[in-house]
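As structure tokens, the structure follows; a few thoughts come after it.
Hydrogens, waters and symmetry mates play no part in the numbers below; they use all other heavy atoms, side chains included.
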Amino acid sequence: MSVAIRNWLKSPTGPTTTHFWGPVANWGFVVAGLADSQKPAELISPNMTAAMCIYSLLFMRFAWAIQPRNYILFACHLSNEAVQLNQMRRYVTWRNDSGGGAEGVGVGAAGATPPGQGFAASAVAVPK
């Protein structure tokens with residue numbers, strides 16, 4: 001085994017630490033966001049997308065502030081920020097072009113779903 005590999009294995013950011021496995025697990029957000037970019041824009045939740053943007057901004061700052069700097073975590077959240085901003089762009093473009101409703105979920109291709117007939121209304125049983 002080379003000295004460089006041995007040193008990396010024993011380093012504070014090597015594969016035996018959370019500085020390595022945390023960012024590796026967080027790449028799932030990026031993969032999921034990329035997969036979602038192939039779905040219709042009316043399914044995008046602007047609230048969740050905004051939350052993911054704020055989350056990634058905070059963790060980019062964290063990855064840069066800690067010692068030793070966690071470049072893997074920074075790269076992961078920088079990528080997620082780009083993916084989430086693209087999702088928000090897609091939602092805003094869809095909403096402006098189609099006159100969509102206030103929420104992405106429950107809106108059909110013809111425009112806003114009438115009150116009481118959207119996704120939320122069908123998910124919750126409301127006695128009449």
To the nearest 0.5 angstrom, please state how far the [atom1] atom of [X] sits from the [atom2] atom of [Y].
| X | Y | atom1 | atom2 | value |
| --- | --- | --- | --- | --- |
| F74 | R61 | CZ | CZ | 10.5 Å |
| N80 | M60 | CG | CE | 9.0 Å |
| T49 | R90 | OG1 | CZ | 9.5 Å |
| M88 | S45 | CE | OG | 8.0 Å |
| L73 | W64 | CG | CH2 | 12.5 Å |
| R95 | D97 | CZ | CG | 12.5 Å |

### Where at least one partner belongs to residues 43-59, residue pairs that pass salt bridge (charged side-chain N to carboxylate O under 4.0 Å, His left out), sequence neighbours excluded
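Those involving residues 43-59 do not exist here.
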### Query
What salt bridge (charged side-chain N to carboxylate O under 4.0 Å, His left out) pairs are there with at least one residue in residues 27-36, not counting sequence neighbours?
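As it turns out, the salt bridge (charged side-chain N to carboxylate O under 4.0 Å, His left out) pairs with a partner in residues 27-36, which skip direct neighbours, are D36-K39.
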Distance-minimising heavy-atom pair for [X] and [Y]:
| X | Y | value |
| --- | --- | --- |
| W94 | A41 | CB-CB, 3.6 Å |
| C76 | P23 | SG-O, 4.0 Å |
| H77 | S56 | ND1-OG, 3.2 Å |

### Chi angles and distances behind the side-chain contact (heavy atoms from CB on, under 4.5 Å) call for L85, E81
CA-CA 6 Å; L85 288 173; E81 187 71 23; 3.9 Å; yes
### Task
Flag the pair V83 / S37 as yes when at least one side-chain heavy-atom distance between them is below 4.5 Å, and no otherwise.
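SC-SC contact between V83 and S37 ruled out.
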### Task
Scan residues 16-32 for pairs that pass side chain to side chain donor-acceptor pair (under 3.5 Å), counting only residues two or more places apart or in two chains.
H19-N70, N26-Y55
### Task
Could you check whether the rings of F59 and F62 sit parallel, tilted or perpendicular, using 30° and 60° as the cut-offs?
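Geometry flag for F62 against F59: perpendicular rings.
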### Task
Report the C-alpha distance between I72 and F20 in whole Å, list the side-chain angles of each, state the deciding distance to 0.1 Å, and finish with yes or no for side-chain contact (heavy atoms from CB on, under 4.5 Å).
CA-CA 7 Å; I72 302 170; F20 178 80; 3.9 Å; yes
### Query
Does CZ in R69 sit with more than 12 non-hydrogen atoms of other residues, nucleotides or ligands closer than 6.0 Å?
yes
### Common cluster, M48/I54, ILVMFWY with side-chain heavy-atom separation under 4.5 Å
no
### Query
When you measure from the side chain of S11 to the backbone N and O of W8, does any donor-acceptor pair fall under 3.5 Å?
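Looks like yes, one N/O pair under 3.5 Å.
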